[in-house]
4 protein chains.
Amino acid sequence: MTHLIVKAKGKKTETKQAIIDAAIVLFQMHGYNGTSVRNIAAEAHVNVALVSYYFGSKKALLEHLMEMFFREYIQEIEEAIPWQNKTSSVCECLVQLAIKLLHYQQKNFYLSLLVHREVTIDSILVRELMTTYLMKEKYLMETIFEEGIRKHEICDIPIDLLVLQYRDMIVTPFLQPLYLRKVHVLEPSQSLFIDRYAEMIRTWIVQIKQGV
Amino acid sequence: MTHLIVKAKGKKTETKQAIIDAAIVLFQMHGYNGTSVRNIAAEAHVNVALVSYYFGSKKALLEHLMEMFFREYIQEIEEAIPWQNKTSSVCECLVQLAIKLLHYQQKNFYLSLLVHREVTIDSILVRELMTTYLMKEKYLMETIFEEGIRKHEICDIPIDLLVLQYRDMIVTPFLQPLYLRKVHVLEPSQSLFIDRYAEMIRTWIVQIKQGV
Amino acid sequence: MTHLIVKAKGKKTETKQAIIDAAIVLFQMHGYNGTSVRNIAAEAHVNVALVSYYFGSKKALLEHLMEMFFREYIQEIEEAIPWQNKTSSVCECLVQLAIKLLHYQQKNFYLSLLVHREVTIDSILVRELMTTYLMKEKYLMETIFEEGIRKHEICDIPIDLLVLQYRDMIVTPFLQPLYLRKVHVLEPSQSLFIDRYAEMIRTWIVQIKQGV
Amino acid sequence: MTHLIVKAKGKKTETKQAIIDAAIVLFQMHGYNGTSVRNIAAEAHVNVALVSYYFGSKKALLEHLMEMFFREYIQEIEEAIPWQNKTSSVCECLVQLAIKLLHYQQKNFYLSLLVHREVTIDSILVRELMTTYLMKEKYLMETIFEEGIRKHEICDIPIDLLVLQYRDMIVTPFLQPLYLRKVHVLEPSQSLFIDRYAEMIRTWIVQIKQGV
DNA sequence: CATGAATGAGCCTTCATTCAT
DNA sequence: GATGAATGAAGGCTCATTCAT
């Protein structure tokens with residue numbers, strides 16, 4: 001009896017996950033509006049009606065994916081704020097955070113792609129995500145840079161521009177992977193990529209450091 | 001007589017332009033797949049069939065818009081290569097080019113938005129644009145940086161990463177304007193924005209300059 | 001329980017059949033290109049989308065109908081080849097086959113009409129049907145006439161022309177029923193028609209018989 | 001001045017003829033409903049609006065073509081009735097008429113094709129053509145057969161069936177040319193075809209002759 | 001005579017979703 | 001939980017025709 005329920009629940013989770021995986025791949029590839037619920041169901045080897053059944057609607061499925069992404073993304077940042085790692089310098093902390101976020105996005109490659117692109121479109125959902133997660137992201141990053149400036153580790157450049165540039169470098173590989181791939185022959189999904197790319201970020205941080 | 005001909009010709013151009021304008025606004029707002037030909041026709045106050053009549057298909061209309069954008073965009077870069085402006089330094093040239101491209105994108109605000117986002121999706125068209133225009137963009141930018149390094153104006157940092165970062169800063173305001181607007185309270189479409197943003201780019205260029 | 005399953009299955013078959021019936025009537029009446037999917041759906045009292053749902057496309061629906069017709073049509077011929085009815089003469093066999101085929105077409109009156117007319121238009125589908133079914137029809141009929149000539153029952157007239165003429169007589173009432181109806185006041189769909197028309201075929205066969 | 005008018009008129013006829021020719025080819029190939037006015041205009045290298053201008057409507061163009069065909073077709077029959085050629089026998093007259101009509105249709109190959117197929121569809125136009133031309137055709141042919149029976153040249157077989165069979169043989173090559181071409185490897189548009197095919201008709205006429 | 005822009009209706013197909021089973 | 005038939009709206013596009021030039 002218990003076994004049956006567990007199995008049932010297992011099957012439920014399995015189906016739900018299959019839909020999520022399929023949606024991530026297809027949304028990333030063809031965009032939200034370019035992907036049909038039937039495409040997703042087919043890719044997931046699942047009945048069409050189950051998408052509505054589990055997620056309510058196609059839109060709600062997208063929301064679910066985006067929330068998934070941002071929740072963990074923000075958590076990664078929170079865990080990296082400097083006063084939690086008192087030993088290291090702020091600059092080192094910025095480098096480590098960048099690397100963490102790059103790894104997080106690489107691990108969730110397709111999901112990151114779709115989220116970053118879809119955030120580009122103005123909609124109620126996106127505005128909510130902006131105020132909920134991206135403002136928090138900005139706030140947290142600002143906090144780190146402020147700490148760096150306070151400690152005279154970092155030049156006194158306007159903080160918002162520092163954050164903008166910093167975040168940009170972290171996001172770009174997963175917003176324009178096709179550009180990197182085709183034009184720069186860089187493959188953001190490859191593990192070696194981050195090593196090289198982090199070097200660039202490190203260089204940038206060195207440059208904004210207070211000249212000795 | 002002449003007047004009549006002009007008027008007649010004007011009507012065609014007028015309709016075509018109305019469709020283009022409407023398409024730019026709507027594609028930018030809801031994405032290509034989120035915009036219907038009927039939406040465009042309605043926005044342009046024009047009969048639905050005229051979209052097919054003038055552009056062949058919705059897809060061809062998008063292609064037209066993208067080609068429009070890139071052709072002039074590349075031209076702006078070509079006109080800015082340093083040995084055409086012998087008086088100025090390479091670094092100054094890079095700043096001037098950045099400002100030019102920011103202005104070009106600001107002038108074609110919605111068009112830039114839609115192009116940058118749509119280039120994010122893998123498709124035959126996008127791959128063609130990549131090889132036709134974006135590889136040229138990269139080549140031209142590389143040429144400038146190479147000149148800078150050759151002249152010992154710029155630190156010997158890997159050129160591809162310099163280009164990547166440089167282009168990033170130029171493109172971001174028009175790829176993620178919503179993020180800038182909502183999170184950073186910056187309005188990339190405002191003329192004041194460029195003044196401030198250019199300052200950031202200038203700072204970055206100062207940082208990659210060969211220390212004296 | 002069984003009842004429910006039967007009913008469920010019945011509903012699908014019911015809808016599919018309604019579409020088929022409606023399509024036959026309308027294709028026959030206004031031609032394939034003169035009939036819209038909406039016309040068919042309306043005639044079948046069924047949602048428009050179900051035509052695509054069950055048959056994939058309007059074209060595939062036509063193909064389905066034609067295959068339906070020809071499969072059984074050829075089977076009727078195969079069952080009538082003389083050495084399966086050893087008792088009767090070849091000539092009698094030809095008469096019987098003609099009557100069988102007339103009855104088959106009369107039973108599937110509208111279907112026959114549409115098939116024969118649509119076969120008149122050059123297309124990939126039609127070419128396939130030609131090589132798959134009509135060449136087989138020709139081959140089978142030739143075999144019968146050959147047997148008749150071998151047995152000296154039938155005059156030694158070129159076989160291809162015999163087949164052409166024979167098939168013609170069988171097909172015409174269902175290719176030009178309007179002509180028969182309006183000009184000759186013959187109604188090929190009436191059961192009496194075949195009796196009379198078969199007499200004509202019988203006369204023709206008597207004429208090609210070896211004079212005693 | 002006169003020259004100009006003549007030239008203008010010549011151009012008019014030229015355009016009209018180009019449309020007619022194009023329409024015949026395309027209607028024959030893809031059917032009336034499968035051909036668009038734009039297809040015709042393109043094939044004729046003529047502006048779209050001119051089809052409506054010269055013929056009023058697409059339907060009227062079809063009517064024009066059909067009338068064209070039937071008017072001359074009937075005339076061919078009228079010129080062949082036996083008492084106008086008193087020297088020859090009725091049977092020979094029937095053979096000659098068949099050959100004439102085959103030649104007429106071969107000369108107007110595509111036109112014949114389209115007319116015969118389009119007559120297959122029930123419509124007001126077709127019903128009019130039936131009563132105007134095809135009933136006359138039947139009447140004229142009956143007259144000839146009656147003469148043959150009266151003169152004891154032809155067996156006393158029901159006249160309507162004789163006419164049906166006779167007309168059938170004449171029309172079939174131009175109603176089902178694809179069938180003849182693909183299945184029987186006969187090319188009704190080739191001049192040699194008629195020689196062979198007429199032999200078949202001759203044989204048929206010999207068979208319905210009063211045995212001596 | 002000829003043009004081509006414009007129209008509104010219609011084409012076939014696909015959409016996200018619902019519902020009875 | 002899962003199925004697949006069913007729905008009504010909307011998708012992109014083509015149609016025959018008109019009309020100002």
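Letters go in sequence order (proteins before strands), and every chain restarts at 1.
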Chemist: Roughly, in whole Å, what's the span from CG in C:Asn39 to P in E:dT13?
Modeler: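 Distance check: C:Asn39 CG to E:dT13 P gives 14 Å.
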Chemist: Contact class for C:Tyr53 vs. all strands (heavy atom < 4.0 Å): base, sugar-phosphate, or nothing?
Modeler: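 If one applies the 4.0 Å heavy-atom cut-off, C:Tyr53 turns out to touch a base.
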Chemist: Mapping D:Arg38 and B:Gly56 onto DNA chain F by nearest heavy atom, which one lands closer to the 5' end?
Modeler: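 Going by which nucleotide is closer to the 5' end, it is B:Gly56.
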Chemist: In terms of side-chain heavy atoms of C:Thr15, which of E:dA5, E:dT13, F:dA6 is nearest?
Modeler: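 Among the listed nucleotides, the one closest to the side chain of C:Thr15 is F:dA6.
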Chemist: Roughly how many Å is it from CD1 in B:Ile40 to C1' in F:dG12, rounded to a whole number?
Modeler: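 Taking CD1 of B:Ile40 and C1' of F:dG12, I get 11 Å after rounding.
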Chemist: Identify the nucleotide, in any strand shown, that forms a Watson-Crick or G-U wobble pair with F:dT18, with both distances under 3.5 Å; if there is none, say none.
Modeler: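 By the stated definition (distances under 3.5 Å), E:dA5 pairs with F:dT18.
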Chemist: For the pair made of NZ in C:Lys59 and P in E:dT13, what is the distance, rounded to whole Å?
Modeler: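 It is 10 Å, rounded to the nearest whole Å.
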Chemist: With respect to the side chain of A:Val37, which nucleotide from E:dC11, F:dA16, E:dA16 is positioned closest?
Modeler: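 Nearest listed nucleotide: E:dA16.
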Chemist: May I have the distance from B:His45 (atom NE2) to E:dT7 (atom C1'), rounded to whole angstrom?
Modeler: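 Going from NE2 in B:His45 over to C1' in E:dT7 covers 17 Å.
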Chemist: Using the side-chain heavy atoms of D:Leu50, tell me which of these nucleotides is nearest: F:dC13, F:dT17, E:dA2.
Modeler: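 That would be E:dA2.
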Chemist: Using atom P of each nucleotide, how far apart are F:dT21 and E:dC1 to the nearest Å?
Modeler: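 Here F:dT21 and E:dC1 have their P atoms 22 Å from each other.
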Chemist: Expressed as a whole number of angstroms, how long is the span from B:Leu62:CG to F:dC13:P?
Modeler: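 Rounded to the whole Å, the gap is 12 Å.
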Chemist: Counting only non-hydrogen atoms, which of residues 19-35 of chain C are less than 4.0 Å from DNA chain F?
Modeler: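 Those residues whose heavy atoms fall under 4.0 Å from DNA chain F, taken from residues 19-35 of chain C, amount to none.
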Chemist: Testing D:Tyr110, D:Phe109, D:Phe69 for ring pair (Phe, Tyr, Trp, His ring centres under 6.0 Å) with D:His116, which one passes?
Modeler: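 Option passing the ring pair (Phe, Tyr, Trp, His ring centres under 6.0 Å) with D:His116: D:Phe69.
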Chemist: Please report, to 0.1 Å, the donor-acceptor pairs under 3.5 Å made by any side chain of residues 120-128 of chain D, with sequence neighbours excluded.
Modeler:
from, atom 1, to, atom 2, distance (Å)
D:Thr120, OG1, C:Leu175, O, 3.2
D:Asp122, OD1, D:Arg127, NE, 2.7
D:Asp122, OD1, D:Arg127, NH2, 3.3
D:Asp122, OD2, D:Arg127, NH2, 2.7
D:Ser123, OG, D:Val126, N, 3.2

Chemist: OH of B:Tyr54 versus P of E:dG4: gap in Å, rounded?
Modeler: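 Roughly 11 Å, once rounded to whole Å.
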Chemist: Can you tell me which nucleotide in E:dA2, F:dA6, E:dC11 comes closest to the side chain of C:Ser36?
Modeler: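 So the nucleotide nearest the side chain must be E:dC11.
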Chemist: Mind checking if A:Phe55 touches a base, just sugar-phosphate, or nothing, with heavy atoms under 4.0 Å?
Modeler: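 Result for A:Phe55 = nothing.
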Chemist: Tell which nucleotide pairs with E:dG10, taking only Watson-Crick or G-U wobble pairs whose two distances are both under 3.5 angstrom.
Modeler: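 Matched E:dG10 with F:dC13 under the 3.5 Å cut-off.
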Chemist: Where do A:Ala22 and A:Glu43 come nearest, in terms of heavy atoms and distance?
Modeler: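 The answer is CB-CG, 3.4 Å.
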Chemist: In terms of side-chain heavy atoms of B:Ala49, which of F:dA6, F:dC13, E:dT7 is nearest?
Modeler: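 For B:Ala49, the side-chain atoms sit closest to E:dT7.
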Chemist: What heavy-atom pair brings D:Leu114 and D:Met66 nearest, and what distance separates the two atoms?
Modeler: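 So the minimum-distance heavy-atom pair works out to O-CE, 4.5 Å.
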Chemist: Please give, in whole Å, the distance from E:dT17 C1' to A:Leu61 CG?
Modeler: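 That distance rounds to 14 Å.
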Chemist: For A:Leu111 and A:Leu65, what are the C-alpha separation, side-chain angles and deciding distance, and is it a side-chain contact (heavy atoms from CB on, under 4.5 Å)?
Modeler: CA-CA 7 Å; A:Leu111 179 57; A:Leu65 297 179; 4.0 Å; yes
Chemist: Can you figure out which of E:dT3, F:dC13, F:dG4 approaches the side chain of D:Asn47 most closely?
Modeler: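 Looking only at side-chain atoms, D:Asn47 lies closest to E:dT3.
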Chemist: Between B:Phe27 and B:Arg117, what is the shortest heavy-atom contact and its length?
Modeler: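 Closest heavy-atom pair between B:Phe27 and B:Arg117: O-NH1, 3.3 Å.
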Chemist: Going by the angle between their ring planes, with limits at 30° and 60°, are A:His64 and A:Phe55 parallel, tilted or perpendicular?
Modeler: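 Judged by the thresholds at 30° and 60°, the geometry between A:His64 and A:Phe55 is perpendicular.
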Chemist: Should the pair C:Lys59 and C:Tyr32 be classed as cation-pi, given the thresholds of under 6.0 Å to the six-membered ring centre and 45° from the axis?
Modeler: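 Negative - C:Lys59 is either too far from the ring of C:Tyr32 or too far off its axis.
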